[in-house]
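Here's the structure, in structure tokens; my notes come after.
Order of the sequence lines sets the chain letters (A, B, ...), proteins ahead of strands, with each chain counted from 1.
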Amino acid sequence: MPELPEVETVRRGLAEVLGGDAVIARMELRRRDLRAAIPRTLPARLAGQRVLAVRRRAKYLIIDTPGVSLLSHLGMTGTWRVAPIGDERDHDHCYLHLADGRRLAFRDPRRFGLLDLIEPGGDARHPRLRGLGPEPLDARAFSADYLAALCAGRKVAIKPLIMDQRVVVGVGNIYAAEALFRAGIRPTKPARRVRREALGALVESIRSVLDAAIAAGGSTISDYRQAGGEGGWFQHDFQVYDRAGLACRRCAAPLVGKVLGGRSTVWCRACQR
DNA sequence: CCTAAGTCCTGAGTGC
DNA sequence: TGCACTCAGGACTTAG
């Protein structure tokens with residue numbers, strides 16, 4: 001669910017909650033079988049650890065402590081929230097009890113999410129982080145040159161290509177569709193057929209749509225919430241996502257939709273070539 | 001019955 | 001034929 005803007009918004013919320021030397025007194029596991037099993041050793045490793053930082057890499061959240069880092073992925077329906085005692089819900093899989101009495105809950109109905117540990121300084125060796133592409137907001141690493149090199153000779157459609165986390169991280173089904181609309185590129189176009197200038201526009205569009213969505217606190221469809229429980233607002237700015245059959249906001253032609261790479265995809269035949 | 005913000009795996013196909 | 005890589009499709013799960 002959450003793509004980069006939603007994960008970044010959650011990161012900022014968690015950083016605020018955990019700032020000022022928060023200490024994790026105890027991790028309480030209620031259910032271990034998420035996408036992968038939560039390691040049995042994780043609660044013991046986290047107990048008594050002081051939070052040093054809350055980071056994001058791709059769609060992963062990383063809470064650093066001196067002894068171990070906690071890695072989480074929200075999958076499609078994952079949320080972190082401040083959960084006062086008494087606020088227990090179905091699908092709360094894990095509670096982090098802080099030393100000051102507050103409590104964080106990880107809730108994920110579909111269980112496509114993930115909790116794991118990273119050894120200190122071990123990001124590059126972690127199997128889920130190894131092999132990830134560059135951060136899209138890093139203009140130096142994610143450039144038109146870089147994307148053009150990865151598109152060369154590729155028959156795959158441009159939309160699934162930019163959703164491939166080995167190519168660039170953080171772009172999912174919503175923001176891929178929105179960035180392609182902004183860049184005027186048809187999502188089904190084979191990557192090798194997209195012109196160099198259009199790839200430059202796409203790189204800029206990915207950055208601009210992600211920046212705008214972060215500024216809006218992400219997009220709330222059903223489950224996504226910020227750490228404080230608020231929804232995001234960017235869903236009101238969608239130009240194409242979930243708008244198949246409706247009028248293009250730019251030219252009023254009906255938007256078309258089809259399944260591409262297993263994901264629903266919407267675009268404007270007139271505005272996107 | 002259908003759909004859904006994401007990976008992850010398998011198997012078929014391609015090119016050297 | 002073998003190997004490496006690419007690409008499409010399905011699986012996982014719960015809720016609305």
Side-chain angles (χ1 to χ4, degrees), chain A residues 1-11 30-38 56-61 71-80 89-93 106-116 126-133 136 149-180 187-193 206 209-210 213-214 216-226 231-238 240-245 257-266:
Chain A
M1 123 201 250
E3 304 182 30
L4 186 148
E6 290 74 34
V7 179
E8 177 60 23
T9 302
V10 171
R11 185 198 69 76
R30 305 176 94 204
R31 177 159 195 170
R32 292 181 54 241
D33 58 331
L34 307 188
R35 171 151 55 98
I38 301 171
R56 179 189 58 75
R57 171 72 175 113
K59 299 174 191 170
Y60 292 91
L61 288 163
L71 179 73
S72 66
H73 192 287
L74 303 176
M76 295 275 255
T77 55
T79 53
W80 279 105
R89 306 184 197 176
D90 278 351
H91 313 296
D92 280 352
H93 306 311
F106 180 80
R107 177 173 187 269
D108 182 12
R110 287 174 74 177
R111 286 186 285 118
F112 286 180
L114 188 75
L115 293 179
D116 200 358
H126 194 285
R128 320 212 87 111
L129 302 181
R130 204 168 45 202
L132 289 173
L150 286 181
C151 286
R154 301 287 302 274
K155 293 183 179 177
V156 69
I158 187 67
K159 177 169 173 269
L161 182 128
I162 61 173
M163 292 172 64
D164 183 341
Q165 302 298 294
R166 296 168 299 186
V167 172
V168 61
V169 302
V171 179
N173 202 35
I174 292 176
Y175 298 108
E178 294 297 314
L180 287 163
T188 55
K189 191 163 192 169
R192 63 179 180 175
R193 300 277 176 240
I206 288 171
V209 77
L210 295 177
I214 290 170
S219 304
T220 292
I221 310 280
S222 62
D223 297 274
Y224 164 73
R225 289 292 181 278
Q226 302 180 29
W233 293 97
F234 195 74
Q235 66 276 13
H236 303 297
D237 285 340
F238 289 165
V240 287
Y241 177 79
D242 201 28
R243 299 192 71 243
K258 75 173 265 190
V259 174
L260 183 61
R263 313 301 299 275
S264 73
T265 301
V266 184

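- A straight line from CG of A/D116 to P of B/dG6 spans 20 Å, rounded to a whole angstrom.
- With a 4.5 Å cut-off on side-chain heavy atoms, A/E178 and A/V240 count as touching.
- Using a 4.0 Å heavy-atom distance criterion, A/Y241 is classed as a sugar-phosphate-only contact.
- Nearer to the 5' terminus of DNA chain B, by closest-nucleotide assignment, is the contact made by A/G262 (compared with the other of A/G262 and A/R128).
- Base pairing of B/dG11 is made with C/dC7, judged by Watson-Crick or G-U wobble geometry with both donor-acceptor distances under 3.5 Å.
- Using a 4.5 Å heavy-atom cutoff, the side chains of A/N173 and A/K159 are in contact.
- Side-chain N/O atoms of A/R263 include none lying less than 4.0 angstrom from OP1 or OP2 on B/dA4.
- A/F234 places none of its side-chain heavy atoms less than 4.5 Å from the side chain of A/I174.
- Atom-to-atom, CG of A/D108 to C1' of B/dA5 comes out at 11 Å; the value is rounded to the nearest Å.
- Looking only at side-chain heavy atoms (C-beta outward), A/L114 and A/Y60 come within less than 4.5 Å of each other.
- The side chain of A/R111 lies closest to C/dT14 when the candidates are B/dA5, C/dT14, B/dT7.
- A/K59 has a side-chain polar atom (N or O) that falls below the 4.0 Å cut-off from OP1 or OP2 of B/dT7.
- To the nearest angstrom, C1' of B/dA5 lies 8 Å from OH of A/Y175.
- The side chain of A/I174 lies closest to B/dA5 when the candidates are C/dA8, B/dT7, B/dA5.
- Ring orientation note: the planes of A/F106 and A/H93 are tilted relative to one another, at an angle of 30° to 60°.
- Using a 4.0 Å cut-off, no side-chain N or O of A/T77 falls inside it from OP1 or OP2 of B/dA4.
- At a cut-off of 3.5 angstrom, the base of C/dA15 holds no donor-acceptor pair with the side chain of A/R110.
- Looking at the side chain of A/H91, the nearest of the listed nucleotides B/dA5, B/dG6, C/dT14 is C/dT14.
- You'll find that the side chain of A/Y60 is closest to B/dC8, out of B/dC8, B/dG15, B/dA4.
- Backbone-only contact: A/R35 has heavy atoms under 4.0 Å from sugar-phosphate atoms and none from a base.
- Between the C1' atom of B/dC8 and the NE2 atom of A/H73 lies a distance of 12 Å, rounded to the nearest Å.
- In the set B/dG6, C/dT14, C/dC7, the nucleotide with an atom closest to the side chain of A/R31 is C/dT14.
- OP1 and OP2 of B/dG6 both lie 4.0 Å or more from every side-chain N or O belonging to A/Q165.
- The residue A/G172 sits close only to the backbone: its heavy atoms come under 4.0 Å of sugar-phosphate atoms, none of a base.
- Nearest to the side-chain atoms of A/M163 among the listed nucleotides B/dG6, C/dA8, C/dT14 stands B/dG6.
- Ring-base stacking between A/F112 and B/dT7 is not satisfied when judged by a centre separation under 5.5 Å and a plane angle under 30°.
- Atom CZ in A/R243 sits about 20 Å away from atom P in B/dT3, given to the nearest Å.
- Rounded to an integer number of Å, the gap from A/K258 NZ to C/dG9 C1' is 14 Å.
- When the P atom of B/dA4 is taken as reference, atom CG of A/N173 falls 8 Å away, rounded to whole Å.
- Computed from coordinates, the A/R107 CZ to C/dT13 P distance equals 18 Å when rounded to whole Å.
- Proximity of A/L4 to A/I214: side-chain heavy atoms (C-beta onward) are separated by under 4.5 Å at one or more points.
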